[in-house]
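Structure record follows, encoded as C-alpha cells.
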Amino acid sequence: MSRLYGDPIEVWTRDGEPTQFVWRDRLYLVRGVLDHWVVAREWWKTGEGDPGERRFWRVEASPGREVGSYELRYDTAGDGWLLLRAWD
C-alpha cells in the first residue's frame, strides 16, 4: 500500500542521484535507485534557461533497519525536492 505526502525534503546527491534525504526530522540513507524518469512540460518553465522538468526517483531507503520504498521529485524551476509517496 502507498501513501501520498508531497512534503518538502532536503536531499543530498551524487552524480545527480539522491544518496540521502531528511524527511520529518529523520535522515534516510538511499540503499538503491529502483526507477528514474523525467517529465517535461512547457507550462512548468519559468524562463528561457529553465527546461521545465520534474525529475522523479523511486528509491529504497531507510532511517535505520527498516527499508521502505519512496518516490522523490526534483523540480528544476523551483530547485526543490518533495517526498511524494511512500510504500509500506
Side-chain angles (χ1 to χ4, degrees):
M1 181 171 92
S2 71
R3 292 188 180 109
L4 294 174
Y5 291 99
D7 293 344
I9 56 174
E10 186 175 354
V11 177
W12 289 264
T13 62
R14 185 180 318 122
D15 299 326
E17 289 190 350
T19 58
Q20 55 187 5
F21 59 93
V22 173
W23 178 47
R24 297 184 174 177
D25 297 323
R26 294 181 77 185
L27 177 65
Y28 288 74
L29 299 178
V30 174
R31 308 284 183 175
V33 174
L34 303 174
D35 200 2
H36 173 249
W37 65 99
V38 177
V39 178
R41 298 285 188 259
E42 189 67 30
W43 63 84
W44 289 340
K45 290 184 178 185
T46 59
E48 283 298 314
D50 179 14
E53 292 179 348
R54 292 187 177 164
R55 300 174 188 165
F56 297 83
W57 283 266
R58 183 170 298 161
V59 299
E60 282 188 334
S62 68
R65 292 184 179 178
E66 293 182 32
V67 177
S69 294
Y70 303 89
E71 186 174 302
L72 313 179
R73 185 186 85 190
Y74 175 71
D75 184 354
T76 59
D79 191 31
W81 288 87
L82 295 176
L83 187 135
L84 294 179
R85 183 183 307 257
W87 284 267
D88 292 340

(request) State yes or no: do Val30 and Phe56 share one hydrophobic cluster built from I, L, V, M, F, W and Y residues joined by side-chain heavy-atom distances below 4.5 Å, directly or via other members? (result) no

(request) Could you pull out all residues at least two apart from Arg85 that satisfy side-chain hydrogen bond (donor to acceptor under 3.5 Å, both in side chains)? (result) Ser2

(message) Quick check on the hydrophobic clustering: are Ile9 and Leu29 connected, directly or via other members, by side-chain heavy-atom contacts under 4.5 Å?
(response) no

(request) Walk me through it: do Tyr5 and Leu82 pass the test side-chain contact (heavy atoms from CB on, under 4.5 Å)? (result) CA-CA 8 Å; Tyr5 291 99; Leu82 295 176; over 6 Å; no

(request) Kindly write out the residues that satisfy salt bridge (Lys or Arg N to Asp or Glu O under 4.0 Å) with Arg58, not counting sequence neighbours, or none if the list is empty. (result) Glu71

(message) Going by side-chain hydrogen bond (donor to acceptor under 3.5 Å, both in side chains), name the residues that satisfy it together with Trp23, two or more places apart in sequence or in a different chain.
(response) Asp7

(request) Determine, using the 4.5 Å side-chain heavy-atom cutoff (strictly less than), whether Val39 and Leu84 are members of one ILVMFWY cluster. (result) yes

(message) Just verifying a value: how many Å separate Leu72 CG and Glu17 CD, rounded to the nearest 0.5 Å?
(response) 11.0 Å

(message) Holding to side-chain hydrogen bond (donor to acceptor under 3.5 Å, both in side chains), I want the full list of residues that pass it with Arg14, two or more places apart in sequence or in another chain.
(response) none

(message) Could you report the tightest heavy-atom contact between Gly64 and Arg31, atom names first, then the distance?
(response) O-NH2, 3.2 Å

(request) Write down the atom of Trp57, the atom of Gly16, and the distance for their closest heavy-atom approach. (result) CZ2-O, 3.2 Å

(request) Is it possible for you to say whether Val59 and Trp81 belong to one hydrophobic cluster, with membership spreading through side-chain heavy-atom contacts below 4.5 Å? (result) yes

(request) Could you tell me whether the side chain of Leu83 reaches within less than 4.5 Å of the side chain of Phe21, counting heavy atoms only? (result) yes

(request) Measure the spacing between CD of Glu66 and OH of Tyr28 and express it to the nearest 0.5 Å. (result) 9.5 Å

(request) For Arg26, enumerate each residue passing the salt bridge (Lys or Arg N to Asp or Glu O under 4.0 Å) test, keeping only those at least two apart in sequence or located in another chain. (result) none

(request) List in chain and number order the residues that pass side-chain hydrogen bond (donor to acceptor under 3.5 Å, both in side chains) with Arg3, two or more places apart in sequence or in another chain; answer none if no residue qualifies. (result) Asp88

